[in-house]
Amino acid sequence: MPNLKVISANNLSCVRGDNLLFEGVSFDVSEGQCLHVTGPNGCGKTSLLRLISGINQTETGCIKWQGANTNDNSLFLSECAYIAHKEGLKNELTAIENLRYYQQLDGINDELALDDTLAKLKILKCADLLAQQLSFGQRRRLSFARLLIAEFSLWVLDEPFTGIDTDGRELMESLCVNHLKSGGLIIMTHHQTLLDSPLNQYRSELQLGQA
Amino acid sequence: MPNLKVISANNLSCVRGDNLLFEGVSFDVSEGQCLHVTGPNGCGKTSLLRLISGINQTETGCIKWQGANTNDNSLFLSECAYIAHKEGLKNELTAIENLRYYQQLDGINDELALDDTLAKLKILKCADLLAQQLSFGQRRRLSFARLLIAEFSLWVLDEPFTGIDTDGRELMESLCVNHLKSGGLIIMTHHQTLLDSPLNQYRSELQLGQA
Amino acid sequence: MNWSEFFYMGGYAFEVWTSWGLTLLVLLYFVIMPKQRNAKIKSQIQRQINREQRDQGKTDS
Amino acid sequence: MFRNTSSLIQPLVFFIIIALLFPFSLPAEGLLLQRIGGGVIWVSAVLATMLSLESMFHSDYQDGTLEQMLIHPRSLSLAMLGKALAHWTATGLILTLFSPLLCVTFNIPSEQIWVLFTGLLLGTPSLTLIGAIGAALTVTLRRGGVLIAIIILPLYIPILIFGAGMLTQVAQGLEVTSQLYALAAILALSITLAPFAIAGALRITIN
Amino acid sequence: MFRNTSSLIQPLVFFIIIALLFPFSLPAEGLLLQRIGGGVIWVSAVLATMLSLESMFHSDYQDGTLEQMLIHPRSLSLAMLGKALAHWTATGLILTLFSPLLCVTFNIPSEQIWVLFTGLLLGTPSLTLIGAIGAALTVTLRRGGVLIAIIILPLYIPILIFGAGMLTQVAQGLEVTSQLYALAAILALSITLAPFAIAGALRITIN
Amino acid sequence: MNPITIIWNFLSNTYHRLGSPREFYTISRYTTPVFGALFLVLSLIGTYFGLFVAPADYQQGDSFRILFVHVPVAWMSLFVYVVMATAGAIGLIWRMKMAFVVTICSAPIGAAFTALALMTGSIWGKPIWGTYWVWDARLTSELILLFLYFGIMAVYYAFEDRKTAEKATALLSVVGVVIVPIIHYSVEWWSSLHQGVTVFAEGGPKMPPEMLLPLAFMAFGFMFFYGYALFLSMQNKVLDNERKSGWVRALVNNKEQQS
Ligand code: HEM
Ligand SMILES: Nc1ncnc2c1ncn2[C@@H]1O[C@H](COP(=O)(O)OP(=O)(O)OP(=O)(O)O)[C@@H](O)[C@H]1O
Ligand SMILES: Nc1ncnc2c1ncn2[C@@H]1O[C@H](COP(=O)(O)OP(=O)(O)OP(=O)(O)O)[C@@H](O)[C@H]1O
Ligand SMILES: [Mg+2]
Ligand SMILES: [Mg+2]
């Protein structure tokens with residue numbers, strides 16, 4: 001199946017200061033799969049996600065998307081979205097303006113889709129509030145909304161459910177499941193168990209060592 | 001019992017922009033009790049905690065500590081600690097320097113206690129890393145550590161367990177229980193259930209309305 | 001008194017009349033601008049009320 | 001890019017304020033201000049540009065949008081060229097357009113005004129582009145502002161010397177073509193090379 | 001308070017850089033620099049102070065330590081007085097101490113150097129204290145920098161007028177006592193009142 | 001009841017009534033036209049005496065007639081600032097909503113008066129001093145006042161949250177009040193090209209009565225104009241601020257149905 005989307009990492013390692021956070025990390029994720037990266041605080045989960053999404057460069061090993069190296073691979077970059085702790089929201093723009101900004105970056109212009117996306121994450125009523133004025137959970141939802149405005153295949157999510165209420169979490173999980181069902185890939189970190197989550201059946205776990 | 005520590009709020013309300021977030025909120029928390037503020041994202045939990053800790057001023061109603069109004073009440077301020085989403089850490093200071101800064105603010109000078117506290121939260125090995133270099137969970141732990149360096153009676157905690165791994169959460173819960181057992185008070189928000197937590201037996205719930 | 005002499009202002013026509021004229025303009029601005037703004041605000045509020053009444057009508061029926 | 005007009009007028013206000021500090025602090029002699037006015041305006045332009053640079057990437061870094069730009073498929077250097085030029089429009093261009101008015105209040109003779117205007121028009125884009133390299137290098141640092149100044153001011157001084165030098169030349173009735181060519185050459189160089197340097201600097205510092 | 005020496009020298013470097021831009025941009029005449037040098041130094045001091053102010057509360061606000069200060073039992077205004085004075089030590093005091101050296105490079109006559117020195121010593125604490133009010137009012141705003149300038153420069157101008165005015169007086173062989181008294185009076189006023197205004201401003205804007 | 005109590009009760013009663021936006025709106029609908037009428041009458045009398053009756057100055061010729069706008073406008077630029085700062089202090093100390101509205105609505109009016117004082121002054125300066133502008137103490141400090149007004153307006157519009165904006169504006173206007181004595185005494189403290197204190201000089205006004213009289217009329221006229229313009233703009237602000245409240249809606253709705 002040459003057209004199956006797959007990201008595969010081989011023998012990754014990460015050094016911070018004098019500490020070796022991890023080494024020899026390898027994995028494959030293909031369509032419809034969710035890789036759940038686990039491990040205690042400070043073990044290097046965020047660092048791994050940043051390697052994958054291309055913010056930091058690998059020192060050893062390599063990461064391949066459809067067989068091609070991901071470094072400076074604009075095909076890969078246009079298919080991968082990374083949601084981090086820093087939400088990537090401009091405080092002085094309103095919620096909808098923030099989303100529009102990302103839409104325009106991806107060369108899309110579709111006002112209806114913006115409203116739609118906000119509604120999907122139940123923050124439509126905050127559309128015209130400044131990002132600064134949103135509550136923590138509302139900010140997190142808004143940053144998650146970015147995933148839905150363009151067609152990303154690979155979602156890289158760093159603790160996506162922090163600060164989200166129970167309803168919101170179910171919502172997000174079902175959005176993730178939809179994404180997987182329609183052939184998407186997810187790499188995520190999350191501290192609680194996902195055993196009772198609808199994501200569980202798509203999930204494989206990557207355990208990083210002790211910090 | 002004149003010496004029993006108690007915080008009581010009466011008829012609080014909060015307006016943000018043109019929205020009334022909540023009104024008529026009243027509660028009493030006394031020694032050994034934990035008030036768990038719940039509600040969906042954006043319902044005003046954080047706003048309530050900021051009213052309690054004195055960052056924002058009440059517009060209606062009042063909050064009393066030992067019978068005296070909490071506004072500009074330095075007795076109250078010296079007994080209340082507030083841990084927010086913004087960790088209150090200086091990026092350009094190391095972990096231990098950050099903690100020392102808060103210790104000095106409270107007029108204490110005790111190097112051993114600093115190490116001790118870091119060890120209690122399992123971040124002693126990061127003591128000399130800049131706050132900037134810490135992982136998300138390590139930052140959260142460090143901000144929690146502030147509670148232990150001076151004798152605060154009232155802990156006001158806004159989602160203290162975000163970004164914390166399972167071990168860390170158990171640790172923090174047991175620290176909270178110790179605090180309650182030794183006559184402390186806790187007001188906290190948390191999105192997941194606390195029913196299976198050791199905190200549950202001390203817990204009363206305050207549900208804020210729909211956002 | 002002669003009007004043209006009056007307007008001539010002993011050779012200081014430009015100075016005197018621009019000063020008085022500017023002042024008059026500014027005063028007029030502070031009379032006219034608030035009145036317009038008042039009308040605008042009221043019509044905004046009116047539109048808001050109408051919209052709400054229409055909404056209510058919809059839900060009632 | 002520009003949320004409101006206020007973000008457009010702010011560097012301009014800065015520029016005017018800096019320039020206006022001088023009349024308050026110099027001996028009150030008509031001719032003095034006229035002679036040094038051109039230099040004062042150049043210094044104000046350099047300072048206003050430099051100060052506006054500190055914030056060029058800072059909030060993008062703080063709120064995480066810079067990371068998102070880094071992993072966007074567009075060419076980063078092209079994006080940076082765009083960002084620098086947009087930034088220039090809101091600082092250099094506006095203050096260049098405004099400079100003649102300031103010259104008038106300083107009683108600067110009109111043949112100097114044109115030279116100043118052309119000089120600023122050619123010089124300020126280079127100031128922004130070069131400055132952006134410094135801004136990119138210092139974005140992760142607190143107190144980056146001063147470090148930017150230390151990094152980029154040495155690079156600014158040639159531009160300042162050519163730009164302000166023209167005024168002295170004109171005042172003495174001399175030619176200024178060579179200085180104009182120099183400014184144009186600097187501009188051509190910065191437009192072609194600075195974007196790569198900015199992009200490289202960001203990739204190095206963000207990690 | 002001061003993490004390292006670099007945070008101490010940075011405003012100084014800023015000050016020197018600003019002051020040194022002028023020799024590059026003015027007609028090269030020995031007497032000119034000598035006559036305007038004092039004014040240039042005052043303007044540089046005002047700018048260096050103003051620019052350092054933007055960051056005075058900004059990072060405290062961003063990282064949440066400002067909120068913690070607000071709910072600390074100490075008196076907030078006293079804490080603010082302390083913070084402002086510490087800030088002054090790292091900016092105004094240092095650049096005052098350094099100013100005589102700069103004067104020497106500008107060939108400023110020695111009787112003026114003393115006047116400049118005393119003026120800066122009395123004036124810069126007021127600059128910091130007054131400026132901190134502006135910094136506190138704008139801390140929650142992005143692009144606060146320009147707004148600070150707009151807010152506080154009107155309040156700085158009297159200080160600048162007295163401070164730089166002394167130099168002109170001295171150059172003409174006149175007395176400067178009245179200006180010194182004025183600067184001292186402004187200082188007394190700012191020390192007693194500004195801390196309350198700063199604390200009040202913070203309580204207003206943080207919410 | 002003794003008269004002091006009566007006066008006190010009256011004052012505190014008006015204070016509280018003016019403190020409520022709704023009461024203010026009702027009251028101001030009667031007082032505003034009165035202010036406007038007083039302004040018209042006083043300033044027309046002043047204009048008549050100033051332009052037609054007063055003889056030309058023996059030194060300045062007819063150019064001195066600028067005095068009748070320059071001086072009232074310059075006084076108002078200071079007076080408005082004092083009112084603004086006082087209201088700001090009242091708002092901050094007693095948390096009185098309407099005081100903030102006074103502060104905010106005064107700023108543009110004060111800025112306009114200041115700009116007028118600068119413009120009329122420099123127009124007048126050309127024939128008298130031979131130049132439009134010098135960096136002299138009175139002129140400079142008046143320019144600072146203009147910047148201060150701008151700063152205050154800028155602060156108000158910089159904040160998204162109205163309550164924060166109101167308080168921040170009030171605080172800044174209180175802090176800036178030091179400029180007023182500086183402007184007033186600038187002509188005494190520094191050698192200045194500008195006219196010294198003439199009207200409120202020690203030992204009575206140093207000005208002939210045929211100049212003083214129209215000046216007084218103009219000055220009081222402008223005072224009432226300030227009241228008039230302030231109340232008009234305060235009414236707008238109150239409507240805008242309270243647009244969600246019942247009484248504003250009722251008011252607007254009634255108007256609509258009547259017309
Ligand atoms: C841009 C130029 C000028 C500005 C900014 C200015 C400003 C002022 C101000 C602020 C006042 C009020 C002072 C106070 O009440 O303490 C004032 C008063 C006055 N101005 Fe000017 N002025 C200017 C030019 C002139 C000129 C050219 C003249 C005429 C020679 C003039 C004549 C007067 C007079 C007679 C008073 C009343 C003085 C008194 O009784 O206190 N002004 N001016
Ligand atoms: N300069 C440095 N020297 C030594 N260690 C460093 C340095 N910079 C970062 N680190 C360490 O690198 C690790 C970074 O981990 P990372 O942020 O990837 O953790 P994580 O698994 O995401 O943790 P969390 O669950 O808390 O989010 C931390 O343990 C941190 O202490
Ligand atoms: N200027 C404003 N106008 C209208 N609404 C505002 C304004 N500022 C803040 N809000 C709203 O006030 C609420 C603030 O809520 P707060 O941060 O207290 O929520 P929370 O209960 O802590 O939510 P979370 O669970 O997401 O942390 C949000 O719903 C926000 O949208
Ligand atoms: Mg992490
Ligand atoms: Mg919250």
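Below, read A as the first sequence line, B as the second, and so on, with proteins coming before strands; counting in each chain starts at 1.
With a 4.5 Å cut-off on side-chain heavy atoms, F:Val155 and E:Thr138 do not count as touching. Side-chain contact check for E:Pro154 versus F:Ile179: every heavy-atom pair is 4.5 Å or farther apart.
Heavy atoms only, all atoms of each residue included: E:Leu147 and F:Ala154 are closest at CD1-CB, 3.6 Å. Closest non-hydrogen pair, E:Ala197 versus F:Leu171, comes out as O-CD2, 3.7 Å.
Neither the backbone nor the side chain of E:Phe196 comes within contact range of chain F; no heavy atoms are under 4.5 Å apart. Contacts of F:Thr140 with chain E are made by side-chain atoms alone, with heavy-atom separations under 4.5 Å and no backbone atom involved. Contact of E:Ile133 with chain F is made through the side chain alone, with heavy-atom distances under 4.5 Å. When heavy atoms are compared at a cutoff of 4.5 Å, E:Ser178 does not approach chain F at all. When heavy atoms are compared at a cutoff of 4.5 Å, E:Leu137 approaches chain F by way of both its backbone and its side chain.
Atom CZ of F:Phe220 is surrounded by 12 or fewer heavy atoms from other residues, nucleotides or ligands within 6.0 Å. Within 6.0 Å of CH2 in F:Trp129 there are more than 12 heavy atoms belonging to other residues, nucleotides or ligands. Open room surrounds CZ on F:Phe224; 12 or fewer heavy atoms of other groups in view lie less than 6.0 Å from it. Summarising the local packing, CH2 of E:Trp114 is surrounded by 12 or fewer heavy atoms from other residues, nucleotides or ligands at distances under 6.0 Å. Around the NZ atom of F:Lys97, the shell of radius 6.0 Å holds no more than 12 heavy atoms that belong to other residues, nucleotides or ligands.
For residues 142-151 of chain F, heavy-atom neighbours of chain E at less than 4.5 Å comprise F:Ile144, F:Phe147, F:Leu148, F:Gly151, sorted by residue number.
Of the listed residues (E:Thr140, E:Ile161, E:Ile151), the one with the most heavy-atom contacts under 4.5 Å to chain F is E:Ile151.
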| field | CA sep, side-chain torsions, deciding dist, call: E:Ile204, F:Leu92, side-chain contact (heavy atoms from CB on, under 4.5 Å) | value | CA-CA 10 Å; E:Ile204 289 170; F:Leu92 287 176; 4.1 Å; yes

